[in-house]
Every structure is written in C-alpha cells, then in structure tokens.
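Report on one structure; see the data block that follows.
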Amino acid sequence: MTLINVLSSILLFTGGAFFLAGTLGLLRFPDVYTRLHALTKADNVGLGMVVAGLAVQAQSWVIVGKLLLIWAFVMLASATTSHLIARRALQRGIKPWKR
Amino acid sequence: MSRLSSKSWLNDLMNIHFRIAWFRVVAFAFMWVMLTEGSVNSWLVGAPIVLVATLISMVLVSPFSCSVIHSVRFVPFFIWNSLRGGANVAWCALNPKIPIAPGLIDFPLRLPPGISRVFMANTVSLLPGTLSVNLGKNHLKVHVLDTRKNVLSELMTLEKIVAKMFNISLHDGKGDECNENIL
Amino acid sequence: MQTLYVSLALFLLLNLIVGMWRVLRGPTAADRMLTAQLFGTTSVAVMLLLAQATDKPALHDVALVFALLAAVTAVTFVRRVWGDRETKHDTH
C-alpha cells in the first residue's frame with residue numbers, strides 16, 4: 001500500500017511540475033505559436049501524470065478506464081483547439097517570431 | 001455474369017458496413033460502461049444513446065479501415081513521444097535563455113485526404129517540437145519550435161506509422177518501394 | 001495522501017491565477033484565448049484531484065463537462081468571434 005502511495009505521489013508531483021512549466025512557457029515564450037507549443041504539450045503531459053497518479057490508487061478498473069477516457073478526450077480537444085487557434089492566427093497574418 | 005458480380009460487390013459492401021457499425025456499437029457501449037462506472041441501471045438511457053451515437057457517427061465519419069495491431073502499437077510510441085515533447089518544452093520554458101529557434105515548414109503529405117490526415121495533424125501537435133498550423137491540399141504546415149533539429153525525418157516516421165494504422169500504403173515519388181507497381 | 005491531493009489542487013489553482021497574466025497582457029486576442037486552453041486542462045486536473053480527495057466520484061463528470069466546455073468555447077471563439085472580418089474574404 002505504501003509503495004503505491006509513493007509511486008502515486010511521485011507521479012502527482014511530476015504532473016504539477018509539468019503544469020508549472022506550461023504556465024511558465026505561456027508567460028515567457030515570445031509569440032502565440034510558441035506559447036501554444038508550451039501549453040498543449042506540457043499541460044497534456046501534466047494531466048497525464050496526474051491521471052496516472054490517481055489511476056494507480058483507483059479501486060476498480062472501471063475508474064481507471066474513466067480517468068484514461070477523460071485524459072484522451074482532453075488531449076483530443078486541446079490538439080484540435082491549438083490547431084484551430086494557430087490556423088486562424090496565421091490567416092489573420094500574425095507573423096511567427098524569429099530569433 | 002456481370003450482374004451477379006456487381007450484386008456480390010454490393011453484398012460485400014453491406015457486410016463491411018455492418019461490420020464497422022457493429023464495431024462502433026461495441027466501442028460506444030464500452031465507453032458508456034466507463035462513463036457510468038459500470039452502473040447497470042444506466043443502460044435504460046445508455047442503450048438508445050449508444051444506438052443514436054452509432055447512427056450519427058456512421059453519417060458523419062464515413063467508415064474507414066483501421067489495423068488493430070498497429071493501433072495498439074501506436075500507444076507506447078505516442079506516450080513516449082509526448083513525454084519527450086513535454087520534457088523538451090518544459091526545459092525550454094525553465095531555461096533562462098529560452099533556447100528556441102522557431103519557424104514554419106511545409107511538410108508534403110503522402111497520406112490520402114480523410115481521417116488519416118486529420119489524425120496525423122492532431123498527433124503532430126502533441127509530439128516534440130511540432131505544432132500543426134494548417135492542413136492544406138497536399139501539404140501540412142507545421143510550426144517548429146527548434147528549426148536546428150531534424151524534424152522532417154520524425155514527421156516521415158510518424159506518417160509511416162499513421163499509414164500502417166489506417167491500412168494505407170504510401171506511394172509517391174518519395175517512397176522508392178512502390179514505384180514499379182505503376183507500370 | 002489527502003493533504004497532497006488538496007495542496008496539489010491549490011497549487012494548480014494558483015497556476016491558473018498566474019496564467020491570467022497572459023489575459024491582461026495580450027497582446028493579441030489569440031494570446032488571451034490561450035488561457036482558455038490552460039483553464040480547460042488545469043481545471044480537469046483540479047476536479048480529478050478533488051474527486052479523489054473528497055471521495056466524490058461525481059466530480060469526474062464535472063471534469064468531463066469542463067473539458068467539453070473548453071473545447072466548445074475555443075471553437076466558438078475561432079469560428080464566430082475572432083474570424084468575422086476574414087470570413088467575408090475566405091474562399092469557402
């Protein structure tokens with residue numbers, strides 16, 4: 001039981017770190033496109049870690065399935081959303097930042 | 001003779017459609033079990049909803065073929081690469097110098113129009129250093145976080161994997177294995 | 001474990017508040033919209049954590065609704081609000 005708790009804590013902490021990195025990227029990156037990179041990738045990994053940390057504690061397989069389903073759904077939604085935002089940004093002529 | 005063969009062709013088509021419809025019914029039913037956490041009472045609502053969802057999905061998403069083995073193999077590939085992507089972008093965000101050199105590239109698609117392209121565009125956004133910006137006629141415009149890295153070969157690998165998932169063979173000037181079939 | 005869940009949920013909420021800085025700064029409407037995406041993912045994580053902490057599985061459904069709302073909001077924004085001027089010149 002304690003081993004599961006330790007594993008779960010590690011996963012949850014890592015997830016929190018990824019969320020923090022995503023927010024930092026949102027604040028620090030230079031333009032819309034790079035911020036989208038930071039948000040979609042870091043936050044999805046963060047959510048994945050949180051889901052994994054909760055799934056190892058779950059009582060039944062159905063709960064694990066539901067958590068994974070929620071994760072998959074959020075991933076699909078955020079990938080589609082980021083594509084839509086990036087496409088419209090390009091259509092409106094927002095130039096990608098160059099070093 | 002020709003009438004008979006055309007009829008059997010129609011029969012085959014109906015069979016394929018029924019198989020896919022059944023497959024989707026099972027998938028939606030499975031999803032319903034997950035969502036309701038296995039509650040038995042909920043099937044009073046669930047059964048009609050699964051049927052309606054299948055009908056709507058058959059209208060909206062035309063049937064496509066999909067390899068089960070390659071779909072299962074895709075999962076570890078996807079998880080590993082999205083972890084890599086998350087770690088990479090997190091490192092860039094935490095690094096005080098922000099080591100990025102972004103740019104746009106046009107990736108020539110060999111996948112046929114349809115669900116496989118949409119799937120590819122969505123996956124690209126979650127993989128390391130790439131973000132799909134526009135799905136054109138034959139090109140996928142991709143925003144790259146670091147143009148110094150070799151992203152094209154990674155995209156080609158992803159395209160091959162997606163093609164296998166949807167039972168598509170990629171034949172174009174770029175792939176040298178299928179050229180002799182044209183003659 | 002209970003404390004860990006709750007404190008992590010609070011940390012994520014703090015993350016959201018910090019992310020609001022992007023809404024204030026902009027500079028484009030798209031940058032402001034990004035925070036909606038941040039909300040979509042983070043609030044789902046917060047709800048899942050609270051569901052575990054308070055032992056209320058119903059909160060999983062709230063998480064699902066949040067995810068759905070975030071997606072719908074973004075699509076509406078891109079299609080209706082942000083694109084008005086351009087759609088007249090679009091080819092389709």
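In the text below, chain A, chain B and the rest are named by the order of the sequence lines, each starting its count at 1. Side-chain atoms are counted along with the backbone in the values below, which use heavy atoms only and exclude waters and symmetry mates.
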Tell me, do [X] and [Y] make a side-chain contact under 4.5 Å, heavy atoms counted?
X: A/Thr34; Y: B/Ile98; result: no
X: B/Ile100; Y: A/Pro30; result: yes
X: A/Leu69; Y: B/Phe30; result: no
X: A/Met49; Y: B/Leu83; result: yes
X: B/Met31; Y: A/Phe73; result: no

Which pair of heavy atoms, one from [X] and one from [Y], lies closest together, and at what distance?
X: B/Gly38; Y: A/Val62; answer: N-CG1, 3.7 Å
X: B/Val89; Y: A/Ala38; answer: CG2-CA, 3.6 Å
X: B/Leu131; Y: A/Ala86; answer: CD2-CB, 4.2 Å
X: B/Ser125; Y: A/Ala79; answer: OG-O, 4.4 Å

Ignoring hydrogens and geometry, is there a side-chain-to-backbone donor-acceptor pair from [X] to [Y] under 3.5 Å?
X: A/His37; Y: B/His143; answer: yes
X: A/Lys41; Y: B/Thr130; answer: yes
X: A/Arg28; Y: B/Cys92; answer: no
X: A/Lys66; Y: B/Leu35; answer: yes

Among the options [options], pick out the one with the most heavy-atom pairs lying under 4.5 Å from chain A.
options: B/Gly103, B/Gly85, B/Gly129; result: B/Gly129
options: B/Pro96, B/Ala121, B/Pro128; result: B/Pro96
options: B/Leu145, B/Val144, B/Asn134; result: B/Leu145

Take atom [atom1] in [X]; do more than 12 heavy atoms of anything else shown fall under 6.0 Å from it?
X: B/Leu60; atom1: CG; value: yes
X: A/Phe13; atom1: CZ; value: no
X: A/Trp97; atom1: CH2; value: yes

(message) For A/Tyr33, which atoms come within 4.5 Å of any heavy atom of chain B: side chain, backbone, both, or neither?
(response) both

(message) Quick check on A/Val45 against chain B: is it the side chain, the backbone, both or neither that has a heavy atom closer than 4.5 Å?
(response) side chain

(message) If I measure from the heavy atoms of chain A, does B/Phe119 come under 4.5 Å with its side chain, its backbone, both, or neither?
(response) neither

(message) Need one label for B/Asn95: side chain, backbone, both or neither, based on atoms under 4.5 Å from any heavy atom in chain A.
(response) backbone

(message) To the closest 0.5 Å, what do you measure between CG (B/Asn122) and OG (A/Ser78)?
(response) 9.0 Å

